[in-house]
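Read the structure below first, then the notes.
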Amino acid sequence: MNRILLYSLLTGILLTSTISAQDAVSNLIDEAEMRAHVEFLASVELEGRNAPGHGSEIAQKYIATRFQQYGLEELDKAPGYYQEAPLIVQKTDYENSCLSILTGGGESVFSAMDDFLFVPRSGSSQDFSGQLVLAGYGIEAPEYSYDDYGGIELHGKIVLAFTGEPEDSDHKSKFTGGRKTKYSRASVKARIAEERGAAGLLLMLPPGSSAEPDAKSLGCSMQRAYEAIVQLPDEIGSIPIFYIVSDKFVNLIGKQLDLSKYEDNIDASMQGNPIQFEDITATLSVRFKDVREEHTSNIIGYLPGQIDEAVLILAHHDHEGIKNGELYPGADDNASGVAGLLGIAKALASSEKQLKRSVIFLSSGAEEKGLLGTKYFVRDPAYPLEKIIAVINMDEIGREGSSRFRAMMDPSIPPDDDLLMVFYSGQTPQLADIVKAGNDEPDLNLMLEPALQFHSGSDHVPFHSLQIPSMFLFTGFHS
């Protein structure tokens, strides 16, 4: 059922003719062929399509061959449908990474994975040094009239902050009454610190916390600690985040300040109280090893229309590969989206109906490594970005939607009954109207979710960030 909506939706955007023409194009979709795409891409032979890797290269050839069969055109910057993107692959050198604290009493050195934890996703070997600034919970939240930084200058300094939020266990807290907000996330704390000019971020449990050690709370992030890091060559990455787990560090700072009293004062007043330690300098030393050059490829097909504006239809073809001997085939993530991409490409290319706008079909690489394929596309566009008027991303569209997915918890909808989540650029509300119009016949339970800023990590994000109206079609997570 979901696939019918996809084609009604897309043909509603792309065709200049009537609803009957949309139906004619939708009828060109063959269910058995769609299933065959998924079964091939998720087969054992493709080894989970890890990027870079042999399996993802087979997937790329499969998609390029289909584009050729459908009669799609090549773009100048994607000869043979391939847009090659260079990659750097490396591993974190924890043995030579360290945190050092210099005080009037001398230097103390702390070891990675023993005294602190960190899982860098990109960057290069370097040192980040600066005066230490204690900034409460590392939060700047205007909507709650709360600021841990005040007017303090952070440029080039290292921020020390508590995990969580002030009074986050108190149901009377101004931070949504006991429910954690986005400000509890390490990524949000890092973004705030980075925007204010900080060179690094140290996170530690509040003294009064009863939470589990950070090694457990980091969960899947720690599972990636020893995996290879894949990035674009010029990708610097965000400021480093170190999670302090050593009492030695806490005791060292405790000589300067009663941390328990400091925390109590913030929680009681709900006011930040930044403190700059004039005689404490922190150095975060991050090292990498086994560095090598690799590449992945975006596969791009082009269908010309009457005018040179274009709609870009998108799905990523890579997945997680093989980890610890276990195969992650990625049937839903995202062989399902690629099957949708191929089905739409074949239907539109074989239709006799003239398109008003051109269509770019982009099967992106290395999405699971940080949206690298689409990041490369927007940095070195194979088609002028100013002429792309909309982006439609399909990521995990192969299952019935699950009401267990937090964004789909609508009590008016029966569980698992034809749910389709459509996130869209809230700056362009017309996108919702197009989706609703395309849903007349399929009559799916649509969950329309506008977003002014996307926080989910899928390939529409780099386009939305450039103010290109974007949609993200998704049917929820599952076991």
Check your understanding: Does a sphere of radius 6.0 Å around CZ in Arg379 hold more than 12 heavy atoms from other residues, nucleotides or ligands, not counting ones at 6.0 Å or beyond?
Key -> yes

**Study point:** Lys289 atom NZ, over 12 foreign heavy atoms within 6.0 Å
**Key:** yes

Are [X] and [Y], when compared by the centres of their aromatic rings, separated by less than 6.0 Å?
{"X": "Tyr137", "Y": "Tyr146", "answer": "no"}
{"X": "Phe242", "Y": "Phe116", "answer": "yes"}
{"X": "Tyr62", "Y": "Phe40", "answer": "yes"}
{"X": "Tyr226", "Y": "Tyr94", "answer": "yes"}

Point to revise | From CA spacing to verdict: side-chain contact (heavy atoms from CB on, under 4.5 Å), Val89, Ile229 | key: CA-CA 6 Å; Val89 181; Ile229 298 170; over 6 Å; no

Check your understanding: What's the spacing between Leu371 CG and Asp459 CG if we round to 0.5 Å?
Key -> 5.5 Å

Review point. Atom CG of Asn393 and atom NE2 of His464: how far apart are they, to the nearest 0.5 Å?
Key: 13.0 Å

Point to revise | Worked verdict on Phe110 versus Ile101 for side-chain contact (heavy atoms from CB on, under 4.5 Å) | key: CA-CA 8 Å; Phe110 302 90; Ile101 300 293; 3.7 Å; yes

Review point. What is the ring orientation for Tyr328 with His319, classed by angle as parallel under 30°, tilted 30 to 60°, or perpendicular over 60°?
Key: tilted

Review point. Which residue pairs pass the side-chain hydrogen bond (donor to acceptor under 3.5 Å, both in side chains) test when at least one of the two sits in residues 255-264, sequence neighbours left out?
Key: none

Review point. Heavy atoms, side chains only, cut-off 4.5 Å: are Val230 and Pro52 in contact?
Key: yes

Exercise for review: Report yes or no: does Ser470 contribute a side-chain atom to a donor-acceptor pair with the main-chain N or O of Ile468 at less than 3.5 Å?
Suggested key: yes

Point to revise | salt bridge (Lys or Arg N to Asp or Glu O under 4.0 Å) involving Asp115 - partner list, sequence neighbours excluded | key: Lys248

